[in-house]
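The block underneath contains the structure these notes are about, expressed in structure tokens.
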Amino acid sequence: MAAFNFTPSDPSTFILMGIPGLEAAHIWISIPFSTFYIISLLGNFTLLSVVGKEQTLHKPMYLLLCMLALTDIATPTFVVPKALGIFWFNMKGITMSGCLTQMFFLHMVSVMHSATLVTMAFDRYVAICIPLRYATILTNAQIAKVGLVCLIRAVLFILPLPLLLSRQPFCANRIIPHTQCEYTALFKMACGDITVTRIYSLGLMFVVMGFDLTLIVLSYGQIIRAVLRISSKKSHQKALNTCTTHICVMLTYYTPSIFSNLTYRFGQDIAPHVHIILADLYLLIPPMLNPIIYGIRTKELRDKVGKYTCRS
């Protein structure tokens, strides 16, 4: 495919370079990018469609799955179309407002995703540890309220980042060696004092990751204790299968997230293109895997998906 040069000359525009050092392979790299994105959209829209149509799935657990699916649709959508524009048409330019907007929505959805996983862990805790109170503690209305709180929390946590960066003067060389407006790359281009911004971003990472992971660990610690007390082998296996599904989803999100953050901050000896590929895979792989994991391991959802697929 011929590459068209849409690189802007406007000095106020940032230039996204894609994956420096692998420019010759951009077309080939775009194949897994677009494939993962299409699979992610198909899987998550299928999940939303089946839960929306099937009245028996209008339960807190499946509503939380829908929240997770929405974040899984949004996450790659904020990155992949622009990345493919770079790979296919050399469309590297992005305005400062566009760059900060992409950064805001990308990180806002990430915080929302993390909060959803915490809520899902609490859902399983109530279902397994105090099942008799499940119907009163977690109703559909409560889940809607929790979703709204998660959204407000994400917006309030992330909004200061683009606001702080928008007040910074940027150096003349506005080249971002990435496929997306990653906030660490913007830090490096800022010519002013970014101490406050850097402290806030580090604090935010530790608060969100630390707080959310602590709540998840505490929930699953109680769940494991409760599961080990179950005498019925069938009930024991059912509870364990439910927990395993959630743990798989959490590992697919938090493991690459933590690894990507650590390599960015402490992996100076790692080649830049490795950093970029890891960051992109972190945004592509979990949204693709999550509906597959739940579709395979949740019998009720698997049966409904099979029913609608056969009917189609």
Side-chain angles (χ1 to χ4, degrees), residues 3-23 26 29-30 33-34 37 71 73-113 154-202 204-205 208 257 260-261 263-265 272-273 275-284 287:
F4 300 97
N5 187 12
F6 286 103
T7 302
S9 57
D10 184 356
S12 66
T13 301
F14 293 112
I15 299 173
L16 292 167
M17 296 303 295
I19 306 178
L22 296 178
E23 288 87 355
H26 272 178
I29 295 170
S30 71
F33 263 64
S34 53
Y37 183 49
T71 63
I73 290 168
T75 300
T77 299
F78 290 127
V79 174
V80 174
K82 181 60 181 177
L84 293 179
I86 296 168
F87 295 156
W88 291 345
F89 307 113
N90 204 32
M91 298 175 66
K92 298 180 178 181
I94 184 168
T95 62
M96 181 177 176
S97 59
C99 197
L100 294 176
T101 300
Q102 185 193 51
M103 185 193 75
F104 167 73
F105 280 108
L106 194 57
H107 293 296
M108 185 269 287
V109 170
S110 179
V111 174
M112 180 74 182
H113 190 112
V155 171
L156 293 178
F157 276 13
I158 298 301
L159 189 59
L161 274 179
L163 291 178
L164 287 169
L165 283 170
S166 66
R167 300 173 63 183
Q168 288 291 329
F170 289 94
C171 300
N173 184 9
R174 298 192 174 204
I175 296 175
I176 302 175
H178 212 301
T179 56
Q180 55 181 280
C181 288
E182 220 286 326
Y183 71 90
T184 53
L186 292 175
F187 285 171
K188 293 175 183 177
M189 289 193 301
C191 297
D193 184 7
I194 59 167
T195 304
V196 174
T197 312
R198 191 180 293 277
I199 291 172
Y200 183 81
S201 66
L202 281 170
L204 183 64
M205 185 184 73
V208 172
S257 173
S260 179
N261 274 297
T263 54
Y264 256 110
R265 297 183 184 280
H273 65 267
H275 284 295
I276 297 165
I277 291 171
L278 284 174
D280 287 334
L281 289 178
Y282 154 61
L283 298 175
L284 287 167

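Here, residue 1 is the first one in the sequence, and each next residue gets the next number.
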Which pairs would a plain distance check flag for residues 159-167, meaning a side-chain donor or acceptor within less than 3.5 Å of a matching protein atom at least two apart in sequence or in another chain?
residue : atom : partner : partner atom : Å
Ser166  : OG   : Pro162  : O            : 3.3
Ser166  : OG   : Leu163  : O            : 2.7

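- Residues forming a side-chain contact (heavy atoms from CB on, under 4.5 Å) with Leu156 (at least two apart in sequence, or on another chain): Ile152.
- Identified under the side-chain hydrogen bond (donor to acceptor under 3.5 Å, both in side chains) test for residues 75-87, with sequence neighbours left out: Tyr37-Thr77.
- Residues meeting the ring pair (Phe, Tyr, Trp, His ring centres under 6.0 Å) test with Phe104, sequence neighbours left out: none.
- Judged as a side-chain hydrogen bond (donor to acceptor under 3.5 Å, both in side chains), and not counting sequence neighbours, Thr101 has no contacts.
- Evaluation of the ring pair (Phe, Tyr, Trp, His ring centres under 6.0 Å) rule for Phe105 yields Phe78 as partners, not counting sequence neighbours.
- The structure places CE of Met17 at 6.0 Å from CD of Glu23, a figure rounded to the nearest 0.5 Å.
- Under the rule for a side-chain contact (heavy atoms from CB on, under 4.5 Å), the partners of Leu22 that lie at least two apart in sequence or sit in another chain are Ile19, Ile29, His273, Ile277.
- Side-chain atoms of Gln102 come within 3.5 Å of backbone atoms of Cys181 as a donor-acceptor pair (strictly under, hydrogens ignored).
- Taking CG of Leu283 as the reference point, atom OG of Ser110 lies at 8.0 Å (rounded to 0.5 Å).
- Counting heavy atoms from C-beta on, the side chains of Leu204 and Ile158 come closer than 4.5 Å.
- Side chains of Glu182 and Leu106 form no contact here, defined as non-hydrogen atoms less than 4.5 Å apart.
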